[in-house]
Amino acid sequence: MKIPIKDRYRLQDKVDLILKVNYNSSFFAILFGIACYSFLNIKEVIPFVFIGFALLNLLNTILYKSHKKLLVTYNITSILAMTGAILVVLFSGGIQSPFVFVLAIVVFAGYVTTQVYGQFYLIINLAVLAILFLYELGDFRISQNMVPEESKNWFAFLSAIFAIYLLGGVFGRNLLAAHHKLYKSRNEIQERIQEKETLLKEVHHRVKNNLQTVSSLLSMQSRTIDDEKMSSIIKSSQNRVVSMAMVHEMLYKRDDYLSKIELKPYVKELCDYLVRSVKGNTHQVKVKLDIPDNKLSIDTVIPLGLIINETITNALKYGIKDDSEGEIEISLRKLLDNRYEMYLGDNGVGYPEDVTSGNSKSLGLKLIYNLARQLRGSITRDYKRKGTYYRMVFEEVIEVFNSVD
């Protein structure tokens, strides 16, 4: 399986950090061991622990180049470091040993790698400290302080140097470099996001402009046709184009990067446009909306807008005739499993119950049922109320918008 680029970068940062820590800690451990043996007159256990750790850790680091298993290399290094540190602590004063703080470096290295390993080594090292403390309280001894009295200050000094060097000179320096790299990468990613967001907004803007151009052409065409039926068909097509153009206009005006539409303002704007388009600026039609503040994907809103367009247009043309009073109702509520229920219709004259999408010649009625299926839902007519009311159950769709069959 191909590793994503950003994950490869993160993995490489961890590889670089662990390898540098291994090489540096091994080199410094050899120097520490030589110093203990040659200058501090520590002839037993402690210098050999340092040199043994250094040699085994170098071998472990070199073997990584052949097996490429970072966790194996890291865990072996951690076990060697923890074992070596415990031995040095035991033979240099126990809980009072200045080298005891090196155990904290093992925990720190664990958290640098992953949180799980950090917590694991934290628990182990806290348990080790507790055992060392209890060991000091008891009378039983399995080890003695191998550091001569005259060398204790120097040993404490070198232990502090060792700890500070690993924490600051190795971990600190490399973590700072990784932080700068991450900061630079974040800025680059942010610039790319802003660029893509600008391009996406521009795409929606151009799509909206193109759809408005098509709408204008249809409007001009309808005015040149004397046939009222043909002019009405072109006008209906114009309204369908406008309902889609509104979606892209709202996406263009958004400030965030989400391709989701606030349904309530979209439906309100669409209904106001359709009422003005069919009934003019003076009318007696009321629009009643009960829609919560839901945001739906563009792949859901476009077919949903077309369904509303067909329903409202039919209501305004055939249900609420001429200048009579009427009410259009649209309500929405969320169901379980990302599904929604929409109730929409008008209190006009309605149409016969025996007319269905199967036997009707109306394109609008066929579109309503086909678009409902596209939304993986169903639509049924409510015959209990006067007029034409529909109950539609659908789900949010996030996919490529397909043409209506």
Within a radius of less than 6.0 Å around CZ of Phe101, do more than 12 heavy atoms belonging to other residues, nucleotides or ligands occur? no
Let's go through Asp272 and Lys268 carefully: what are the C-alpha distance in whole Å and the side-chain angles of both, what is the deciding distance for salt bridge (charged side-chain N to carboxylate O under 4.0 Å, His left out) to 0.1 Å, and is it a yes or a no? CA-CA 6 Å; Asp272 291 343; Lys268 185 178 186 307; 3.2 Å; yes
Around atom CD of Glu341, are there more than 12 heavy atoms from other residues, nucleotides or ligands closer than 6.0 Å? yes
Hey, does Asn294 have a side-chain heavy atom less than 4.5 Å from the side chain of Tyr340? yes
Angle class for the Tyr390/Tyr351 ring planes (parallel below 30°, perpendicular above 60°, tilted otherwise)? tilted
Might you point out which heavy atoms bring Ile42 and Pro47 nearest each other, and give the distance in Å? O-CG, 3.2 Å
Could you please spell out the steps behind the side chain to side chain contact (heavy atoms under 4.5 Å, CB included) verdict for Arg391 and Asp382? CA-CA 7 Å; Arg391 176 185 177 272; Asp382 183 2; 5.7 Å; no
Are side-chain heavy atoms of Val349 and Tyr318 found at a separation under 4.5 Å? no
Could you tell me the separation between the CD1 atom of Ile368 and the OG1 atom of Thr311, rounded to the nearest 0.5 Å? 3.5 Å
Counting C-beta onward and ignoring hydrogens, is there a side-chain heavy-atom pair between Leu332 and Pro292 closer than 4.5 Å? yes
So if I apply the side-chain contact (heavy atoms from CB on, under 4.5 Å) rule between Ile330 and each of Ile312, Asp346, Leu270, which one comes out positive? Ile312
Looking at every heavy atom in both Ala372 and Ile307, which two are closest together, and how far apart are they? N-CD1, 3.8 Å
Look at the side chain of Ser277 and the backbone N and O of Tyr273, then say whether any donor-acceptor pair between them is shorter than 3.5 Å. no
Report yes if some heavy atom in the side chain of Leu296 is under 4.5 Å from a heavy atom in the side chain of Ile261; otherwise report no. no
Given 3.5 Å as the limit, does a donor-acceptor pair link the side chain of Asp337 with the main chain of Arg339, or not? no
Between Ser151 and Leu40 (side chain of the first, backbone of the second, donor and acceptor by atom type, cut-off under 3.5 Å), is there such a pair? yes
So which of Phe28, Phe155, Phe27, Phe32 actually passes ring-ring contact (aromatic ring centres under 6.0 Å, His included) with Phe50? Phe32
If the threshold is 4.0 Å, N to carboxylate O, is there a salt bridge linking Lys286 and Glu327? no
What is the minimum heavy-atom distance between Gly387 and Arg381, and which atoms define it? O-NH2, 3.7 Å
Tell me whether Arg206 at atom CZ has more than 12 heavy atoms from other residues, nucleotides or ligands lying less than 6.0 Å away. no
Testing the basics here: between Phe133 and Ile95, what is the closest heavy-atom pair and its distance to 0.1 Å? N-CD1, 4.3 Å
Approximate separation, where rounding is to 0.5 Å, of Tyr266 OH and Cys271 SG: 9.5 Å
Tyr343: what forms a ring-ring contact (aromatic ring centres under 6.0 Å, His included) with it, not counting sequence neighbours? Tyr389
Are there more than 12 heavy atoms of other residues, nucleotides or ligands under 6.0 Å from atom NZ of Lys264? no
Determine whether a donor-acceptor pair (N or O, by modelled atom type, separation under 3.5 Å) exists between the side chain of Ser66 and the backbone of Leu63. yes
Residue pair Val214, Leu218: steps toward the side chain to side chain contact (heavy atoms under 4.5 Å, CB included) verdict: CA-CA 6 Å; Val214 174; Leu218 290 172; 4.1 Å; yes
Quick check: does any side chain N or O of Ser324 sit under 3.5 Å from a backbone N or O of Ile320, one acting as donor and the other as acceptor? no
Below 4.0 angstrom, N of the basic side chain to O of the carboxylate: do Arg240 and Glu310 qualify? yes
Can you measure from CG (Asn75) to NZ (Lys69) and round to the nearest 0.5 angstrom? 12.5 Å
Locate the shortest heavy-atom distance separating Ile46 from Cys36; write the atom from each residue and the value. CG2-SG, 4.3 Å
Between Leu304 and Met342, is there a side-chain heavy-atom distance shorter than 4.5 Å? yes
With distance as the sole test, does Asn57 use its side chain to make a donor-acceptor pair with the main-chain N or O of Phe53 at under 3.5 Å? no
N/O donor-acceptor pair under 3.5 Å between Asn60 side chain and Thr73 backbone: yes
Donor-acceptor pair, side chain of Ser297 and main chain of Val397, under 3.5 angstrom: yes
Taking every heavy atom of Ala29 against every heavy atom of Ala54, the minimum-distance pair comes out as CB-CB, 4.1 Å
Donor-acceptor contact below 3.5 Å, side chain Ser25 vs main chain Asn22: yes
Using side-chain heavy atoms (C-beta onward) and a distance below 4.5 Å, is Phe394 in contact with Thr300? yes
Residues Glu395 and Arg376 bridged, charged N to O under 4.0 Å: yes
Rounded to the nearest 0.5 Å, what separates atom OG in Ser216 from atom CD in Gln238? 7.5 Å
Return the CG to CG distance between Leu344 and Asp290, rounded to the nearest 0.5 Å. 13.0 Å
Val45 side chain near Leu90 side chain, heavy-atom distance below 4.5 Å: no
Flag, side chain of Lys279 to backbone of Leu316, donor-acceptor distance under 3.5 Å: yes
May I ask you to check whether Ser243 and Asn309 show a side-chain donor-acceptor distance below 3.5 Å? no
What distance do Lys366 atom NZ and Asn370 atom CG have between them, rounded to the nearest 0.5 Å? 8.0 Å
Leu55 side chain reached by Leu59 side chain, heavy atoms, under 4.5 Å: no
